[in-house]
Protein chains: 2
Amino acid sequence: MTEAAAAELPQDDDIGELNAIVGFHIRLAHGACYRHFTETFADLELTQKQVSVLWLVDDHPGMSQIDVGTRLQMDRATTMTIVNRLQARGYMRREKSATDGRKQALFLTPEGLTILGHAKDAIREHEAWLKSRFTQKELDTLMELLARIHD
Amino acid sequence: MTEAAAAELPQDDDIGELNAIVGFHIRLAHGACYRHFTETFADLELTQKQVSVLWLVDDHPGMSQIDVGTRLQMDRATTMTIVNRLQARGYMRREKSATDGRKQALFLTPEGLTILGHAKDAIREHEAWLKSRFTQKELDTLMELLARIHD
DNA sequence: GTGCAATTGTTAGTAGAGCATACAATCCCA
DNA sequence: TGGGATTGTATGCTCTACTAACAATTGCAC
């Protein structure tokens, strides 16, 4: 079969050598996850990052922006824009840290707590979609392997 | 320890319940990959998507944009912007398909072939960084599990 | 064969995420 | 006490992704 003929008879999943690239599979998996997440959260109008920040600040009231960024692997500027957005929507407030004047202590507002509750429901749904294709043992393996990449 | 005290004594990797969320680990792993990729490709000024498209079109000369998008899981509009960029930089050309007037056949220019060669070198470096933390068996497992998410 | 629906490419607009840079306030340590 | 480091902030840029609308083309139903 000539190359031209091959181009005329495509198989949707034929990505050739790219299939052997680990990073490529990580990117595709992330994309699939991202799309499903966005659908699941369409009503709440929250992104993955926004939920992560709400969740983390709820777990650690009063934490600083730099802390949030470090734990979620974002730089200061990116963290800023996310906190700004959450604050503008009334889900979060900043308060000058009592112990370190450079820091802003972050807290959820009551509205933030409410939306986080809804978000956790949606997360459960999203995670169920993701987990449905794995056994618990496979999930443990997957998370352990992924952790080696981002740690 | 009070919550306030906890906030004052943060452990960088303490992300609480978030740690149990599969999607969260996928996102962090993707982010780590993305950052290393960007560093590795700083000289070439190519993104993951751009390299994927170059690679795919080199494998399948004359393929259509919709095909590229389908295989890389991008919509038409996103594919457009990436092809536009690659074409503007002289790495790719469009040609009206002989068999379907709606389609554009995509081809690499000689410059595109050259840069793809450099890109593949950089990919090898990037993949080596990624693979260094796994055995071959673990890599096979990881790719198989990731494929279940994006297929 | 003709007409209508689907496909493909294109354009324009919006939004989020990420990064670099610069600056001010604050903190910490020598 | 002074200088370097840390933290937050502001600005601007790029890339990715999505929607909606439109035109050209194709292919199927009739």
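Chain letters run A, B, ... following the sequence lines, proteins first, then strands; residues in each count from 1.
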A.B. asks: Return the nearest nucleotide to the side chain of A:Ala77; candidates are C:dC19, C:dT11, D:dT7.
C.D. replies: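 Closest nucleotide to the A:Ala77 side chain: C:dC19.
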A.B. asks: Can you tell me how far C1' of C:dG18 sits from CG of B:Leu28, to the nearest Å?
C.D. replies: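 Interatomic distance, CG of B:Leu28 to C1' of C:dG18: 15 Å.
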A.B. asks: Quick one: which of C:dA17, D:dT16, D:dT9 gets closest to the side chain of B:Ile82?
C.D. replies: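 Looking only at heavy atoms from C-beta outward on B:Ile82, the closest nucleotide is D:dT16.
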A.B. asks: Hey, which sits more toward the 5' end of DNA chain D by its nearest nucleotide, A:Thr81 or A:Gly31?
C.D. replies: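 Result: A:Thr81.
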A.B. asks: Would you classify B:Arg85 as touching base, sugar-phosphate or nothing, given that sugar-phosphate means primed atoms plus P, OP1 and OP2, and contacts are heavy atoms under 4.0 Å?
C.D. replies: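 Answer is base: heavy atoms of B:Arg85 come under 4.0 Å of a base.
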A.B. asks: Is there a side-chain polar atom (N or O) of B:Arg76 under 4.0 Å from OP1 or OP2 of D:dA17?
C.D. replies: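 The answer is no; no side-chain N or O of B:Arg76 sits under 4.0 Å from OP1 or OP2.
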A.B. asks: Whole Å only: how far is the CG atom of B:Leu86 from the C1' atom of D:dT14?
C.D. replies: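 Between C1' of D:dT14 and CG of B:Leu86: 15 Å.
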A.B. asks: Just N and O in the side chain of B:Gln48: are any of them under 4.0 Å from OP1 or OP2 of D:dT16?
C.D. replies: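 Indeed not, no polar side-chain atom of B:Gln48 lies that close.
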A.B. asks: Heavy atoms under 4.0 Å, any strand shown: does A:Thr47 hit a base, just sugar-phosphate, or nothing?
C.D. replies: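 Here A:Thr47 touches the backbone only, sparing every base.
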A.B. asks: For the pair B:Arg35 and A:Gln73, evaluate side chain to side chain contact (heavy atoms under 4.5 Å, CB included) and give the outcome as yes or no after the intermediate values.
C.D. replies: CA-CA 10 Å; B:Arg35 275 186 295 276; A:Gln73 302 186 14; 2.9 Å; yes
A.B. asks: Do the side chains of B:Glu111 and B:Arg89 get nearer than 4.5 Å, heavy atoms only?
C.D. replies: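 Counting from C-beta outward, B:Arg89 and B:Glu111 never come under 4.5 Å.
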A.B. asks: May I have the distance from B:Gln87 (atom CD) to C:dG9 (atom P), rounded to whole angstrom?
C.D. replies: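 Rounded to whole Å, this separation is 13 Å.
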A.B. asks: Would you mind reading off the distance between B:Glu45 atom CD and D:dT14 atom C1', rounded to a whole angstrom?
C.D. replies: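 So the two atoms are 11 Å apart, to the nearest Å.
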A.B. asks: If you look at every heavy atom in B:Leu46 and B:Tyr91, which pair is closest and at what distance?
C.D. replies: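 It is CD2-CE1, 4.3 Å.
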A.B. asks: Classify A:Arg27 by what it touches in the nucleic acid, base, sugar-phosphate, or nothing, heavy-atom distance under 4.0 Å.
C.D. replies: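 The answer is nothing, as A:Arg27 stays clear of every strand by at least 4.0 Å.
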A.B. asks: What is the distance from NE2 of B:His30 to P of D:dT16, rounded to the nearest Å?
C.D. replies: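 After rounding, the gap between these two atoms is 10 Å.
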A.B. asks: Parallel, tilted or perpendicular for B:Trp129 and B:His36, by the 30°/60° rule?
C.D. replies: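 Parallel: the ring planes of B:Trp129 and B:His36 meet at under 30°.
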A.B. asks: Phosphate oxygens OP1/OP2 of D:dT26: is one of them under 4.0 Å from a side-chain N or O of B:Lys103?
C.D. replies: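 No, outside the criterion.
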A.B. asks: Quick one: A:Arg35 CZ to D:dT19 P, roughly how many Å, whole number?
C.D. replies: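 To the nearest whole Å, that distance equals 11 Å.
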A.B. asks: For side-chain hydrogen bond (donor to acceptor under 3.5 Å, both in side chains), just list the numbers for B:Arg102 and B:Ser64, CA-CA rounded to whole Å, side-chain angles, deciding distance to a tenth of an Å, and then say yes or no.
C.D. replies: CA-CA 9 Å; B:Arg102 294 168 301 182; B:Ser64 66; over 6 Å; no
A.B. asks: Kindly point out which of D:dC18, D:dT9, C:dG18 is positioned nearest to the side chain of A:Met74?
C.D. replies: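 For the A:Met74 side chain, the nearest candidate turns out to be C:dG18.
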A.B. asks: Between P on D:dT11 and CG on A:Asn84, what's the gap in Å once rounded to a whole number?
C.D. replies: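 So the two atoms are 11 Å apart, to the nearest Å.
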A.B. asks: Between A:Gln73 and C:dG18, is there a contact of a side-chain N or O with OP1 or OP2 at under 4.0 Å?
C.D. replies: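 Result: no.
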A.B. asks: Reckon B:Asp75 touches a base, only the sugar-phosphate, or nothing at all at heavy-atom distances under 4.0 Å?
C.D. replies: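 Base contact - B:Asp75 has a heavy atom under 4.0 Å of at least one base atom.
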A.B. asks: Do B:Arg102 side-chain and C:dG9 base share a donor-acceptor contact under 3.5 Å?
C.D. replies: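 Looking at the base of C:dG9, it does not pair with any donor or acceptor on the side chain of B:Arg102 (distance under 3.5 Å).
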A.B. asks: Do B:Ile26 and B:Val22 come within less than 4.5 Å of each other through their side chains, counting heavy atoms only?
C.D. replies: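 B:Ile26 vs B:Val22: side chains touch.
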A.B. asks: Starting from P on C:dG16, measure out to CG on A:Leu44 and report it in whole angstrom.
C.D. replies: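 Interatomic distance, CG of A:Leu44 to P of C:dG16: 15 Å.
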A.B. asks: Nearest nucleotide by nearest heavy atom, which residue falls closer to the 5' end of DNA chain C, B:Ala105 or A:Gly101?
C.D. replies: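 Checking each residue's closest nucleotide, the 5'-ward one belongs to B:Ala105.
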